[in-house]
Colleague: 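Attaching a single structure in structure tokens format; questions to follow.
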Amino acid sequence: LQVLAGLVPVAFVIATSAVVSRVPGAVGHGLHSAEWRALRDALLVTGGLFVLEQLVSPFQFTIAEALAWRVDDALRERILHASFLPVGTSLLEEQQSLDDLTDVVDPTRGAGFTAGSACAGLLALIARYVRWATSAVLVGVVYAWWAAAALALAALAVRVGIRSGLGRLAAYERSFAPQRRRRNYLARLLTHPSAAKEVRIFGLVPWLQARFRTAALDAVVPVWKVRRRTVVRPYVLSVPLSLVLSGLVTVAVARAAAHGDLTLGRLAFVLQAMLLIGTLGQFFNECDFQTELGMSSYEALRRFETAAEQQAYAPAATPADVSGAPRDAIRFEDVRFAYPGSARRVLDGLDLTIPAGRSLAVVGLNGAGKTTLVKLLARLVEPDAGRIAVDGIDLRDVDPEAWRARLGAIFQDFLHYELSVLDNVGFGAPRLVGDRERIGAVVERVGADEFVQTLPRRYETTLARSYEDGADLSGGQWQRLAIARALMAVEDGAGVLVLDEPTANLDVRAEAAFYERFLDLTAGLTTILISHRFSTVRRADRIVVLADGRVAEEGTHDELVAAGGRYAEMFRVQAERFGAA
Ligand code: ADP
């Protein structure tokens, strides 16, 4: 199709030249002569070619669009695959990969030029170059080869200038990914429901608008500034050369025609072909941004994939078997960890034993590293030194998916899925998502069945008010469903359950009651309860106090109180303050 699209305009020019060459004969011989019929035929062919050209261009557009969609669909799959390739989540927090993701994901969401549109644009170049080359060859055949070469070169010079300027501009623009990320974030704040409350209460709109404006300009103004220089300079250099060459050819053609060396038809052809050849020296609307920026987007995807592959799990020849683990204990052995880009060690020589089948509470002040400990346990991040072993097997030798199947964890910021109650609970065990009976039984066990029965569509109710028959829950109700979710993981074979302060918005007494209920429900399982409140976890089998990146104290509640150390002090202060003593 692209070759056809390139050839039709050339054929059109040949046909119009034939029309021009036949006019004198037709005029001389009158309406019923053979010359008149020849002119008429040439006109009909010209008309036919005109119609063909009109037909081809919508097809060119549609096919380019379809091609871009197919390629982009495939790339979306690749983004998804690469995002889940790394064992942990730290790649998704790194500057470089966030920049790369902005460059890949934004365009594929329809906000820019995608790799798919680059493919379509690349094919569209065929039409442009076929037109240029065939016109030039025909000028050589019809008139003179030196003229053909001069015209082709003149157009090519302008073209190279435009493309190289565009290339430099795009390369420069690529370095503004962090600014674009900031701009997009501010734009989201203005429209995203999660920010709606604060934005209104604090009257942030004018501030956000001003900041968005600044951020948006920060992302583009430097590019605009160099744009003039980068894009215009090559023009200034190449256009005079092009003018001189085309001027020479025009004069030579005119003189040849005046001397009778060139027939009227050939003169008409060469003059029109000059214009056709010259169209190569343009900005191509259907190709240039697409190929330049679309390829950048693809390069960003390649960088992201490479980084993801480096962090992917390399399966061992005989992967360690952790089904049924932990039977004995999970051990943190001299574990050290600092977040990438930070010098401060969150965990610094942590030794901790988590015995199987018992409950362990980890307490410590905010920022002590409790959540980090859980992330390490789930292999969302990897230790810098030391090792984590389950029943003596280093976690690094275990397939992360197999290990995570053994874990159920509810974090402080657990997800409120805008989906049905069944899904919200069933997600603890995706294999059991359709098992209404087991989900119902677990919901009853956590004492949530009562309020679920009052929802408009009971277990089918979508938990968001933005849906028909949807409902939102209170914080406490959400927490119960979250616990049910964790228990579903147990239903599907998880052996370790972690509660990482999903109760932070409860008061002390409610948190204590909640944890006690949880301990009752999970007796006999390996459970880890996390809290910054020392007074809510005293029923755990064992309590460790995390401070300065390691275990500062450990024992049962009574032992720790008797020891009169940090735990005893914090317990007394916090219990008194909340009147729970
Ligand atoms: P806790 O759960 O005990 O409150 P965390 O484990 O969440 O503490 O955090 C421990 C320290 O690590 C804090 O100083 C926190 O600022 C830092 N931190 C937590 N998450 C990240 C992260 N993703 N990147 C960099 N630093 C982090």
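Values in this document were obtained by computation on a predicted structure and should not be read as measured data. Both ligands and their constituent atoms are indexed starting at 1 by order of listing.
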Colleague: Hey, which atoms in ligand 1 end up nearer than 4.0 Å to a heavy atom of Val346?
Modeller: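 Listed by number with element: 10 (C), 11 (C), 12 (O).
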Colleague: Nearest protein heavy atom to atom 4 (O) of ligand 1, by residue and atom, and its distance?
Modeller: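 Of every protein heavy atom, Gly367 N, 2.7 Å lies nearest to atom 4 (O) of ligand 1.
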Colleague: Quiz question: by atom type and distance under 3.5 Å, do the side chains of Arg78 and Tyr298 form a donor-acceptor pair?
Modeller: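 Their side chains do contain a donor-acceptor pair, which is all the 3.5 Å distance test asks for.
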Colleague: Looking only at protein heavy atoms, identify the closest one to atom 23 (N) of ligand 1 and say how far it is in Å.
Modeller: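 I find the closest protein heavy atom is Glu93 OE1, 3.1 Å.
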Colleague: Compute the shortest N/O to N/O distance between Thr372 and ligand 1 and return yes if it is under 3.5 Å, no if not.
Modeller: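 Yes: some nitrogen or oxygen of Thr372 is under 3.5 Å from one in ligand 1.
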Colleague: Could you tell me whether the side chains of Asp558 and Thr556 share a donor-acceptor contact shorter than 3.5 Å?
Modeller: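 Note: Asp558 and Thr556 side chains miss the donor-acceptor criterion.
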Colleague: Tell me which protein heavy atom sits closest to atom 19 (C) of ligand 1, plus the residue, atom name and distance to 0.1 Å.
Modeller: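 Looking only at protein heavy atoms, the one closest to atom 19 (C) of ligand 1 is Tyr339 CE1, 3.4 Å.
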Colleague: Any chance the side chains of Gln95 and Asp99 put a donor and an acceptor closer than 3.5 Å?
Modeller: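 Note: Gln95 and Asp99 side chains miss the donor-acceptor criterion.
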Colleague: Is there a donor in the side chain of Asp472 and an acceptor in the side chain of Trp478, or the other way round, less than 3.5 Å apart?
Modeller: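 Trp478 and Asp472 do have a side-chain donor-acceptor pair below 3.5 Å.
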Colleague: Below 4.0 Å from ligand 1: does a non-hydrogen atom of Ala368 turn up there or not?
Modeller: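 Checking ligand 1 against Ala368, which is what was asked, there is a heavy-atom contact under 4.0 Å.
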Colleague: Side-chain donor-acceptor pair under 3.5 Å between Lys225 and Tyr172, yes or no?
Modeller: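 There is no such pair between these side chains.
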Colleague: Can you tell me if Asp384 and Tyr339 form a side-chain donor-acceptor pair at under 3.5 Å?
Modeller: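 Absent: no donor and acceptor within the cut-off.
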Colleague: When the ring planes of Phe289 and Phe113 are compared, do they come out parallel, tilted or perpendicular, using 30° and 60° as the limits?
Modeller: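 Parallel: the ring planes of Phe289 and Phe113 meet at under 30°.
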Colleague: Can you find a non-hydrogen atom of Gly369 under 4.0 Å from ligand 1?
Modeller: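 Under 4.0 Å: yes for Gly369.
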Colleague: For ligand 1, which atoms have a heavy atom of Asn366 less than 4.0 angstrom away?
Modeller: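 What qualifies from ligand 1 is 4 (O).
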Colleague: What part of Thr371 sits under 4.0 Å from ligand 1 if we count only heavy atoms: the side chain, the backbone, both or neither?
Modeller: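 The answer is both, backbone and side chain.
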Colleague: Is any NZ, NE, NH1 or NH2 atom of the basic residue among Glu460 and Arg436 found under 4.0 Å from an Asp or Glu carboxylate oxygen of the other?
Modeller: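 Result for this pair is yes, salt bridge flagged.
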Colleague: Is there a heavy atom in Arg344 that sits closer than 4.0 Å to ligand 1?
Modeller: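 Arg344: in contact with ligand 1 (<4.0 Å).
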Colleague: Is at least one protein non-hydrogen atom found at under 4.0 angstrom from atom 7 (O) of ligand 1?
Modeller: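 Yes; the ligand atom in question has protein heavy-atom contact below 4.0 Å.
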Colleague: Any atoms of ligand 1 less than 4.0 Å from a non-hydrogen atom of Lys370? List them with their elements.
Modeller: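 That gives atoms 1 (P), 2 (O), 3 (O), 4 (O), 6 (O), 8 (O) of ligand 1.
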